[in-house]
Amino acid sequence: MKELELLAPAKNLECGMAAIDHGADAVYIGPPLFGARAAAGNSVADIATLCQYAHQYDAKVYATVNTLLHDDELPQALELLGQLADAQVDAVLIQDMRLAPNRLQPLRLGFHASTQADARTAQKVEWLWQQGFSRAVLARELTIDEVAAIHAQVPQMELEVFVHGALCVSYSGLCYASEYCFNRSANRGECAQFCRMKFDLVDADGNELLHQQHLLSLKDLNLSHHLHRLIEAGATSFKIEGRLKDIAYVKNVTAAYSELLNQYIAHHPDRYVRASRGRCTYTFQPHLDRTFNRGYTTYFVDGRQPAQASFFTPKAIGQQVGQVKELRPQWLTVAGTAAFANGDGLCFFDDQQQLQGFRVNRVEGNRLFPQRMPEGLRRGMPLFRSNDQQMERTLAKPSAERKIPVVMSLRATPDGFALSMDGHTVQMAIEHQQAKSPQRQNIIDQLCRLGGTPYECTHVDLPDDFNYFIPSSQLAAMRRSLTTQQTHPHPLPKGRGVYSFAAPPANGKSIYAPPSQGGDGGGSAPSDLLMQCRYCLRHELGYCVKHGGRRPTWHEPLSLRLADGRTFTLQFDCSQCQMNVKAGCGLRPK
């Protein structure tokens, strides 16, 4: 039986516990330092609390220690690994190969190669296995066929794939634009969102082809309809992006993907199981369109696809809820089937394709009274809901319960009674007293009182001839003793992931890669190469002759130009089907 893992993000302890409650088999969370999201650090104490909570369900906690390190930070990073091991973290995500498992002494931690390690070929994944990693987080840009090929060639390595959330336009770990332009390194957790900015597209003759559009801003990934194919390709962990997302996003998206995994397993119960235990019930119907999204793309899951980017806004637009049917000075009506609520946030693209938004003050059916009537709204324009008040209110409250179904078995022993559940047994020395009246229902009622624990009793197993009187207080004491016994996370793979720390030698490099994938694989940027992208602007605009597009009429090279005049040259490497963004003639900031 193969275990399938749904991996959810945790900005903080509250989000991590909510992810577990809503069906995650594992969560990933940033520690106080070196977590590749400077704004999402958490204390080791909070991470330890999350581990304790998750391990009740055999769910796992992974800590992100995936920034590139300066030499003088190595001792601190190694000390942090020890603290995370003491906190019972199941694994850490690593980018800097000076922390590769084979360079450390035994410590009970699993090691996963972060997506910033740029794992996109079988050769690279095999190399990571040789360095002691038990899992590789694959590049988001891979097709399902490429995932399958990697699994076929390196079957011993666990493969983790992103299935939902924001996309970086560059291969992760190979983006230096933020550092170049703003002295904020993406590989140090300080990305300045260069790819979400507005650019002009300019040709070699200085002609402006497009004016101030978000040409590198990708839509959000949504592979909810391709989970089964990723499973069949050999992936076993399915990752939701979003360590900066709020708790409503975590709840809704986790629940949606958890239900999809359960549906797939229900059709293949002899082949797959969930990687953790517990059955979730929800107070809401999960719906991926009803929380933060920039519109969706399947990216490269089936090869190069059109409409991967969102040129007109990098912001969330949410779910399309209808079209403007009628406009009046104080209100509008909407053609569609969506139900609205006071406080909803709606948005639309005006005649200049600029995103405009407004808040609904009052609702009367499909007649909406905005706080202020928006300018530029026209009949027939599509409307999107970027803030769903009904969903937000529902998710602001407790919205899920996760319980482990158990059978409790009570038996008489020579000197008392033994109560068993979930592989654990407690015994209590109690004098046997024959009951003067039937006790079966009272015993069942007492043993089923599992509120406040992760368990729900589905059956109490009593022998047919069980006719003893046991005081309710003693039944309760046995039940409490049994349910407080600690559960444990799944054991680490034999021979893998058991490492302890000792400082590896400092050698001046931060990360290594096999020769076929670019030498140092991301430790330092070439002097002018800022991004390496599988996404291609020429293809996005319909001018990729290789894939059936129109032949360009412009003269290359093309350049991207920021509003302040800085320019960046686009290099189209068609032999690799790759677009490179290079430093152009603009001035680098001091």
Side-chain angles (χ1 to χ4, degrees), residues 8-12 14-15 17-24 164-166 219-220 222 224-225 240-242 244-260 262-263 280-296 313 315-328 330-349 355-374 377 381-402:
K11 176 170 66 174
N12 51 34
E14 182 186 17
C15 285
M17 294 174 71
I20 298 297
D21 289 342
H22 288 73
H164 198 88
K219 297 177 182 177
D220 286 354
N222 182 343
S224 57
H225 296 300
I240 300 165
E241 183 278 338
L244 296 177
K245 295 294 197 303
D246 62 21
I247 195 168
Y249 176 93
V250 171
K251 288 180 174 183
N252 183 39
V253 178
T254 301
Y257 277 89
S258 184
E259 289 193 335
L260 290 171
N262 287 342
Q263 291 168 17
C280 298
T281 55
Y282 307 109
T283 64
F284 67 102
Q285 180 60 49
H287 197 307
L288 294 173
D289 287 341
R290 294 184 69 180
T291 41
F292 184 102
N293 70 85
R294 299 175 176 88
Y296 287 127
T313 182
K315 298 179 181 178
I317 58 173
Q319 180 184 19
Q320 185 170 343
V321 289
Q323 292 182 323
V324 178
K325 181 179 179 181
E326 190 176 5
L327 281 171
R328 290 292 185 267
Q330 303 298 324
W331 52 265
L332 66 139
T333 59
V334 181
T337 60
F340 298 93
N342 296 347
D344 276 354
L346 302 182
C347 58
F348 63 96
F349 290 96
L355 186 68
Q356 306 291 346
F358 62 96
R359 186 166 296 278
V360 177
N361 199 41
R362 190 171 87 252
V363 173
E364 295 178 3
N366 68 338
R367 181 175 292 181
L368 310 182
F369 294 80
Q371 197 170 30
R372 181 176 58 83
M373 282 297 288
L377 193 61
M381 282 184 170
L383 281 177
F384 302 86
R385 178 159 47 197
S386 55
N387 187 286
D388 188 325
Q389 278 296 296
Q390 182 181 7
M391 191 71 154
E392 292 290 327
R393 282 195 292 265
T394 299
L395 294 178
K397 303 173 185 176
S399 50
E401 185 176 57
R402 181 169 181 166

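The structure displayed is predicted, hence computed values, not measured ones.
Between Y249 and F292, the ring planes lie perpendicular to each other; the angle is over 60°, past the 30° to 60° tilted range. Below 30°, between 30° and 60°, or above 60°: for H164 and Y257 the angle between ring planes is above 60°, a perpendicular geometry.
The structure places CD of E364 at 9.5 Å from CG of N342, a figure rounded to the nearest 0.5 Å. Distance check: D246 CG to E14 CD gives 10.0 Å after rounding to the nearest 0.5 Å. Interatomic distance, CE of M381 versus CG of L327, reported as 9.5 Å (0.5 Å rounding). Separation of atoms SG (C347) and CG (L355) is listed at 4.5 Å; rounding is to 0.5 Å. Rounding to the nearest 0.5 Å places CG of N12 at 7.0 Å from CD1 of I247. With values rounded to the nearest 0.5 angstrom, E401 atom CD is found 12.0 Å from Y282 atom OH.
For residues 315-325, there are no side chain to side chain donor-acceptor pair (under 3.5 Å) pairs, not counting sequence neighbours.
Of the residues T333, L346, N361, the one that meets the side chain to side chain contact (heavy atoms under 4.5 Å, CB included) test with L368 is L346.
Between P374 and F348, some side-chain heavy-atom pair lies under the 4.5 Å cut-off. E259 has its side chain within reach of P286: a pair of non-hydrogen atoms, C-beta onward, lies under 4.5 Å apart.
Shortest non-hydrogen contact noted between E241 and A166 is OE1-N, 3.0 Å. Counting all heavy atoms, side chain and backbone alike, F284 lies closest to K251 at CZ-O, 4.0 Å. Nearest heavy atom pair, residue P9 against residue I240, reads CD-O, 3.4 Å. Taking every heavy atom of both residues into account, D344 and Q389 meet most closely at OD1-N, 2.9 Å. Between P370 and L332 the shortest heavy-atom distance is CG-CD2, 3.6 Å. Taking both residues in full, the closest heavy atoms of S399 and T394 are given as CB-O, 4.0 Å, listed atom of the first, atom of the second, then distance.
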Show, in sequence, the C-alpha distance, side-chain angles and deciding distance for L383 and F340, and conclude whether the side chain to side chain contact (heavy atoms under 4.5 Å, CB included) test is met. CA-CA 12 Å; L383 281 177; F340 298 93; 5.8 Å; no
Pair L288, N293 - check side chain to side chain contact (heavy atoms under 4.5 Å, CB included), show working. CA-CA 8 Å; L288 294 173; N293 70 85; over 6 Å; no
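Other residues, nucleotides and ligands place no more than 12 heavy atoms under 6.0 Å from the CD atom of Q330. With a 6.0 Å radius and a threshold of 12 heavy atoms from other residues, nucleotides or ligands, Q356 has its CD atom above the threshold.
Every residue meeting the side chain to side chain donor-acceptor pair (under 3.5 Å) condition with N252, not counting sequence neighbours, appears here in chain and number order: T291. For the salt bridge (charged side-chain N to carboxylate O under 4.0 Å, His left out) test, residues two or more places apart in sequence or in another chain that qualify with R290 are D388. The salt bridge (charged side-chain N to carboxylate O under 4.0 Å, His left out) search around R367 returns none, not counting sequence neighbours. Annotation: salt bridge (charged side-chain N to carboxylate O under 4.0 Å, His left out) contacts of R328 (sequence neighbours excluded): E326. With sequence neighbours excluded, no residue forms a salt bridge (charged side-chain N to carboxylate O under 4.0 Å, His left out) with D289.
Checking S258 against H22 by side-chain atom types alone, no donor-acceptor pair falls below 3.5 Å.
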